[in-house]
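Please read the structure below before turning to the comments.
In the text below, chain A, chain B and the rest are named by the order of the sequence lines, each starting its count at 1.
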Amino acid sequence: MIAFLIKRIANAMLVMLAVAFFAFMIFRFVGDPVEMMLNEQATQAERADLRAKLGLEDGFLVQFGRFVTNAAQGDFGISYRNQQEVIGLIAERFPATFELVIVATIISLAVGIPLGVVTAIRRGAWYSEALQFLSIIGVSLPSFVVGIVLILVFSVTLGLFPAFGRGETVQIGWWSTGLLTELGRAAILLPAVSLSLFQITLVMRLVRAEMLEVLRADFIKFARARGVPARIVHFRHALRNCLMPVVTMTAMQIGNLIAFALITETVFQWPGMGLLFIQAVTFVDIPVMAAYLCIVSFIFVALNTMVDIAYAVIDPRLRGANG
Amino acid sequence: MMHETRGFRDRRPEAGEAPPALEVRGLTVEFPSRRGTLTAVEDVSLSIAPGEVLGVVGESGAGKSMTGLAVLGLLEPPGRIAAGEIRIGGRRVDDLPDREMERVRGREVGAIFQDPLTSLNPLFTAGAQLVETIRIHLGLDRRAARERAIALLREVGIPAPEERVDHHPHQFSGGMRQRVVIALALAAEPRLIIADEPTTALDVSIQAQITALLRRLCDEHGTGVMLVTHDMGVIAETADRVAVMYAGRVVEVGPVAEVLRAPRHPYTRGLMGSIPALRRRVPKLTQIDGSMPRLNAIPSGCSFNPRCPQAGPRCRRERPALAASGAGLAACWLEQGGVE
Ligand SMILES: Nc1ncnc2c1ncn2[C@@H]1O[C@H](COP(=O)(O)OP(=O)(O)O)[C@@H](O)[C@H]1O
Ligand code: SF4
Ligand SMILES: [Mg+2]
């Protein structure tokens with residue numbers, strides 16, 4: 001178990017180093033930071049001074065080492081665009097993205113699990129087939145199209161929900177939440193639904209496949225033979241045996257959702273990390289881009305590693321081996 | 001081998017005292033498919049008295065499991081009962097709607113399947129599954145149900161039941177798990193138990209213990225048992241009567257002692273080759289050549305005729321019906337006026 005832990009964590013760190021290297025290379029190949037930070041009238045002396053201050057005269061490995069050490073402490077430097085600490089900018093935007101992703105995840109589970117169960121136990125019924133068909137469409141629809149359609153229908157035509165922004169937010173320490181106000185909740189609904197649509201179809205298909213598998217198990221036949229009512233067989237005995245893969249996939253998908261949120265945030269002008277990144281790209285604000293890359297990758301890698309470790313802990317065979 | 005069971009055999013109630021635990025009349029099970037209908041069970045009639053163990057033998061694919069599943073109302077679609085009647089404790093059950101059949105399963109008829117490793121839900125403790133079954137059928141409160149669960153575990157011979165009740169299936173050995181399964185099948189005191197090869201998946205050394213346990217419990221509770229097996233040895237040890245199935249039909253049925261001593265049907269004689277102790281007594285037919293026909297290629301006449309050493313012209317023309325023969329019934333022209 002300890003060896004497994006060490007191996008898994010070393011693995012994760014290696015991946016993060018590779019990402020950091022990639023982010024670092026953006027600095028080296030996309031323009032000269034000195035040119036970007038100073039205006040045209042800056043003197044040669046000023047330039048040299050800044051070069052030295054930024055450590056650009058040092059060797060490649062020294063620079064990379066410094067980048068990694070700083071990044072590991074959350075220091076991604078100063079934004080080119082508005083001269084603020086990058087980490088501060090990201091921290092300001094993180095709650096918006098996080099809340100969007102969490103609400104989207106909850107929607108996808110709340111809708112996807114029952115749909116998966118229904119399509120599995122009512123296999124062949126017309127509504128199961130229809131849901132299966134819709135889920136194929138759901139998987140293939142580009143998320144910006146979904147967003148635009150939702151805006152057109154629910155904001156522009158029906159006027160039920162705002163088309164952009166977070167509505168009203170409340171500040172709790174450094175965290176700004178939109179979930180505590182009526183306007184905030186109304187504002188999060190459309191982008192969360194838009195972001196969750198793909199996820200709903202994933203959850204539904206996974207639950208359906210797992211349910212079909214589990215429903216063939218002997219213990220299901222035996223539960224029915226004991227006279228356990230169908231509803232309890234389906235929801236207590238079968239569904240519970242499907243939840244492990246669903247939890248795993250959901251945890252792993254959170255990283256994906258943060259990445260996909262980029263598009264949703266752009267469509268809905270949602271002030272999250274994705275929108276920050278898009279703005280950074282338009283202004284070639286490299287420190288912000290690099291920080292976004294590193295942080296999103298970190299969330300990804302951390303979730304994957306935790307899921308793997310949780311699996312090893314939960315797996316009864318491993319549990320048995322440990323006594 | 002355990003012989004503890006033999007002494008209980010004569011205790012079963014006299015016929016007519018109570019309705020039979022199981023009565024099957026003319027049962028036919030079909031699997032409709034695009035390329036025609038397969039008949040897995042055809043015109044099967046059986047009856048089991050309270051406390052009686054009916055052994056059902058036959059090669060794999062003979063229709064034993066389908067008969068049991070039909071009684072339980074657990075045939076997987078498209079499989080269906082195409083004809084016949086099934087009565088449990090005198091009450092007709094083959095035409096009950098799903099909701100009512102749920103109340104019959106577990107309460108009136110219990111089941112034990114082949115593999116104790118997979119019959120229990122791995123996520124729930126033995127106790128949770130027992131309490132669930134008991135509460136569904138007997139409506140006890142949680143505490144009383146738990147008391148009963150512990151008593152049941154004790155009854156099926158699980159040591160330290162107060163502790164074991166909270167263990168998960170993977171903490172039990174194969175034999176102990178099958179005991180838990182038996183406790184589950186008996187939880188609501190059904191009149192009938194369908195035991196489909198209950199020991200096949202178990203270690204040879206504990207098979208006899210499990211069948212003896214089943215036999216003893218059913219004697220004590222007056223439960224009828226349909227004991228499906230392809231092992232004539234188990235039948236000899238445990239059953240009161242035996243039904244021999246071939247290609248979806250019952251070809252011979254009679255008291256175990258009779259059938260073992262003087263089998264009437266050539267197929268039964270062939271099967272006897274599989275009991276070591278009896279092999280010397282039937283020197284010629286220690287095994288049956290060939291294999292059972294596929295369901296879509298059942299020969300005309302007697303379905304056993306391509307493999308039967310005594311087959312004659314009549315066997316290829318006409319199908320023999322079950323008719324009285326010795327102390328039981330047999331479906332063979334040899335017993336009904338010859339094969340010519
Ligand atoms: N889903 C199915 N579709 C068609 N035939 C089936 C199906 N399930 C079982 N059968 C057939 O039913 C027959 C009886 O099977 P079964 O009752 O399981 O035999 P056994 O006596 O070994 O328990 C077999 O010939 C088998 O091929
Ligand atoms: S009827 Fe003929 S073929 Fe069939 S078992 Fe009897 S002798 Fe053999
Ligand atoms: Mg079988």
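- Within 6.0 Å of CZ in A:Phe298 there are 12 or fewer heavy atoms belonging to other residues, nucleotides or ligands.
- Within the model, atoms CG of B:Asp196 and NZ of A:Lys221 stand 7.0 Å from one another, a figure rounded to the nearest 0.5 Å.
- A heavy-atom distance below 4.5 Å is not found between the side chains of B:Glu102 and A:Arg224.
- Between B:Ser119 and A:Phe222 the shortest heavy-atom distance is O-CD2, 3.1 Å.
- Listed options A:Ala217, A:Ala230, A:Gly227 were ranked by heavy-atom pairs under 4.5 angstrom with chain B; first place goes to A:Gly227.
- Environment of CZ in B:Arg92: crowded, with over 12 heavy atoms of neighbouring residues, nucleotides or ligands closer than 6.0 Å.
- Rounding to the nearest 0.5 Å places CE of A:Met244 at 10.0 Å from CG of B:Leu123.
- Around the CD atom of B:Glu100, the shell of radius 6.0 Å holds more than 12 heavy atoms that belong to other residues, nucleotides or ligands.
- Residue B:Phe124 holds its CZ atom at 9.0 Å from CZ of A:Phe219, rounded to the nearest 0.5 Å.
- If you tally non-hydrogen atom pairs under 4.5 Å between each of B:Thr133, B:Ile136, B:Asn121, B:Leu184 and chain A, the highest count goes to B:Asn121.
- Looking at A:Ile220, there are no atoms closer than 4.5 Å to chain B (heavy atoms on both sides), in backbone or side chain.
- Counting heavy-atom pairs closer than 4.5 Å to chain A, the top residue among B:Gln171, B:Gln114, B:Arg107, B:Gln129 is B:Gln129.
- For the residue pair B:Glu132 and A:His237, a side-chain donor N or O sits within less than 3.5 Å of a side-chain acceptor on the partner.
- Heavy atoms closer than 4.5 Å to chain A are found in the backbone of B:Val109, but not in its side chain.
- Residue-environment remark: CG (B:Asp98) stays at or below the threshold of 12 foreign heavy atoms within 6.0 Å.
- Of the residues considered (B:Glu76, B:Arg103, B:Met101, B:His137), B:His137 shows the highest number of contacts with chain A, using heavy-atom pairs under 4.5 Å.
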